Number of protein chains: 2
Amino acid sequence: MAGHGARGRSGGRPTLEEVAARAGVGRGTVSRVINGSPRVSDATRAAVEAAVAELGYVPNTAARALAANRTDAIALVVPEPETRFFAEPYFSDMLKGVGAELSETEMQLLLIFAGSDRERRRLAQYLAAHRVDGVLLVSVHADDPLPDMLSQLEIPAVISGPRSAAETLASVDSDNFGGARSAVEHLLSRGRRSIAHITGRLDVYGAQRRVDGYRAALRDAGHEVDEQLIEAGDFTEEGGRRAMAELLRRRPDLDAVFAGSDVTAAGARQVLREAGRRIPDDVALVGYDDSAIARHMEPPLTSVRQPIEEMGRAMIDLLLNEIADRRPAASRGLDRHQVVLATELVERASS
Amino acid sequence: MAGHGARGRSGGRPTLEEVAARAGVGRGTVSRVINGSPRVSDATRAAVEAAVAELGYVPNTAARALAANRTDAIALVVPEPETRFFAEPYFSDMLKGVGAELSETEMQLLLIFAGSDRERRRLAQYLAAHRVDGVLLVSVHADDPLPDMLSQLEIPAVISGPRSAAETLASVDSDNFGGARSAVEHLLSRGRRSIAHITGRLDVYGAQRRVDGYRAALRDAGHEVDEQLIEAGDFTEEGGRRAMAELLRRRPDLDAVFAGSDVTAAGARQVLREAGRRIPDDVALVGYDDSAIARHMEPPLTSVRQPIEEMGRAMIDLLLNEIADRRPAASRGLDRHQVVLATELVERASS
DNA sequence: ATCACTTGTGGGAGCGCTCCCACACTACCT
DNA sequence: AGGTAGTGTGGGAGCGCTCCCACAAGTGAT
């Protein structure tokens, strides 16, 4: 017996070779047809396609992956527990964009949660085995080792929300600076003059950019920035309450608040109410994210919308380019791939 | 030059062969160590493991898949659009159980949405290419061609919620019969005598079983079943309203309602209120699913809880067995693999 | 001592592709 | 006529594993 040569014969899935025999051509030619190479005559192509159809041929992915050294799969890595993934519409919107953009291609999307340490180790193993051609990274914290690991393994990756202005990975972001600026400009145009800002977690780059945008809007309008009106929050409701109380103590005369997130705004709103301030009559309130909270708040919250679905699409675009570029040892690091998408101010009754 | 032999050499990932050379053993031996075969001496095993560690060897999945004809991946197929997946806690709970059970193994989980026709076609192609070793099917409609396709392709599959009593696929279900019976027994024990039932969609097997359980509970308690007290619903809120109105018209004296789902119960509750019936004083109400709706209803709804997370775990157990069994052309179809898990009645103020 | 197992090991063959070289042909220039 | 490209095609080699056969060496019963 020659090895295990007969394994899986007899009625198994047809192979390239069998298609070639049926079409009366060579293996290489069938491969070219399957992969859409232009160097095939129309007659031959038709013959091969007929054979493929008759035999119900479907390429063996494992063989292709082995020979071509690629997997035709990319991973969306969520460094959070499943629970948060389902709780936040952010991920669902992002996934929608990613899925839509990917449906044009042959790429398979894998969704990988890496919330626990255990899961992180599994993921590391998984990536080390190069089981995907590229990685989409969402909601990565500043000190996460994941991005560096990906660089080390030379796996193409795109991050949503760069970790800093010096981000080395390809990244997609919304225009935090512009979004914050438009929120403040909106408040100014409504005649507000004493506009406070409750920031997000300042170790998140996007939160820093929002502070920058806040400052820029004021300065561009000829106002000077009063540091007393800026108080650090952390994206949470509790943080919003704390910061609002502090701001109210320091500057009881403030007439507007721009919060770093909708959740923060919800906390601020509560404190404002308790202090007897009416919204928007006494104090105008603007949030960030345009989440469900914003729509359901009383009064409905003006908020800055980020185009999350489009961000997902853009991430796929970038990633597919990275993957394609890598094939013929491309001009790496020449042009940095950073995409920034515009935000939109959604005006509601709170301002 | 011999072919493209040098491709990927120089600093590429180490191969089995290199590990073997380093450890001073043959290829076969390394393979045995990697795959945990017991037929290796302790000394040799240690030497190989050292070499693996030194070289940072990680097996090439594609090569393994090609040689062994398996993929080490299973798919969780959701024949719904992403939106519903995120909206319903059912999926999130199930995923939690599946993930937990799978984390013990080397299997990779793929999440595949097949809501649209386009996505369905892609899925069919995907499955035909045998890109997974097994499939988990959730929330499948009675007339879905997917299960048959899987049988045809001889891909191991487990379905959550059998399509009928004659389900051929391995399946995991909660005890719909017992759940319904315990709900009705509960109402009887509370002194209710005229207990109505709003069914789920009767083309869903689980809904039929609930009706059976309802009947059995009444009969076992020595009551005869009044068909006038059974009205078909469809799991929706609107269906609940319609059915409740009808029941109230037919039997204005009813003093309890067992609804086929919490959502249905919500619809029924609304109609009861409008008819001036107090819950639970005039009419007791029990739902099914123990969803968030149940907890937040006014008054909180007594409901039958299904152990969804455990169902996820059980599905993985079954599927892994199916996959293992299939390898050596096993005794197929002898014992049908049907698991039924117990439900639990969660009593709240509505009954 | 002989036979029969058992245990551990090496390595050939093969999984089904892609890549690339070689080789026909054809077409168009000198 | 000879050269030089360009097109289409066939098929060898190799991707990195697993499977299995062959065989060495040890162990015990006869």
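In what follows, chains are A, B, ... by sequence order, proteins preceding strands, each numbered from 1. Values in this document were obtained by computation on a predicted structure and should not be read as measured data.
Going from atom CG of A/Asn60 over to atom P of D/dT18 covers 16 Å, rounded to whole Å. In this structure, the CZ atom of B/Arg70 is 16 Å from the P atom of C/dG16, given to the nearest Å. When rounded to the nearest whole Å, the span between CG of B/Leu16 and P of C/dG12 equals 15 Å. Rounded to an integer number of Å, the gap from CZ of B/Arg13 to C1' of D/dC15 is 12 Å. In this entry the distance linking CZ of B/Arg45 with C1' of C/dG8 reads 11 Å, nearest Å. The CG-C1' distance, from A/Leu66 to D/dG16, rounds to 6 Å in whole Å. Taking atom CG of B/Asp42 as the reference point, atom C1' of C/dT9 lies 15 Å away to the nearest angstrom. In this structure, CD of B/Glu17 is placed 10 Å from C1' of D/dC17, rounded to the nearest angstrom.
Screening residues 36-46 of chain A for side chain to side chain donor-acceptor pair (under 3.5 Å) gives A/Ser41-A/Thr44 as the qualifying pairs, with residues at least two apart or on separate chains. Applying the side chain to side chain donor-acceptor pair (under 3.5 Å) test to pairs two or more places apart or on separate chains, those with a residue in residues 140-152 of chain B are B/Arg120-B/Asp144. Judged as a ring pair (Phe, Tyr, Trp, His ring centres under 6.0 Å), not a single pair has a partner in residues 29-81 of chain B (not counting sequence neighbours).
A/Glu309 pairs by the salt bridge (charged side-chain N to carboxylate O under 4.0 Å, His left out) definition with nothing, not counting sequence neighbours. For A/Arg118, the side-chain contact (heavy atoms from CB on, under 4.5 Å) partners two or more places apart in sequence, or in a different chain, are A/Ser116, A/Arg121, B/Ser103, B/Glu104. Under the salt bridge (charged side-chain N to carboxylate O under 4.0 Å, His left out) criterion, B/Asp317 pairs with no residue at all, not counting sequence neighbours. In this structure, the side-chain contact (heavy atoms from CB on, under 4.5 Å) partners of A/Ala65, at least two apart in sequence or on a different chain, are B/Ala62. For the salt bridge (charged side-chain N to carboxylate O under 4.0 Å, His left out) test, residues two or more places apart in sequence or in another chain that qualify with B/Glu101 are B/Arg313. Contacts of B/Arg27 classified as salt bridge (charged side-chain N to carboxylate O under 4.0 Å, His left out), with partners at least two apart in sequence or in another chain: none.
At least one donor-acceptor pair closer than 3.5 Å links the side chain of B/Thr71 to the backbone N or O of B/Asp133.
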Between the protein and nucleotides 4-7 of chain C, which nitrogen or oxygen pairs are less than 3.5 angstrom apart?
{"residue": "C/dT7", "atom": "OP2", "partner": "B/Arg39", "partner atom": "NH2", "Å": "3.3"}

Worksheet item: Taking it one step at a time, do B/Leu110 and B/Ile74 satisfy side-chain contact (heavy atoms from CB on, under 4.5 Å)?
Response: CA-CA 6 Å; B/Leu110 311 186; B/Ile74 65 175; over 6 Å; no

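Non-hydrogen atoms lying under 4.0 Å from DNA chain D are contributed by B/Arg27, B/Ser31, B/Arg32, B/Asn35, all within residues 21-36 of chain B.
Of the side-chain N and O atoms in B/Thr44, none sit less than 4.0 angstrom from OP1 or OP2 of C/dG8.
The overall bend of the helix from C/dA1-D/dT30 to C/dT30-D/dA1, read as the angle between its terminal helix axes built from five base pairs each, is 50° when rounded to 10 degrees.
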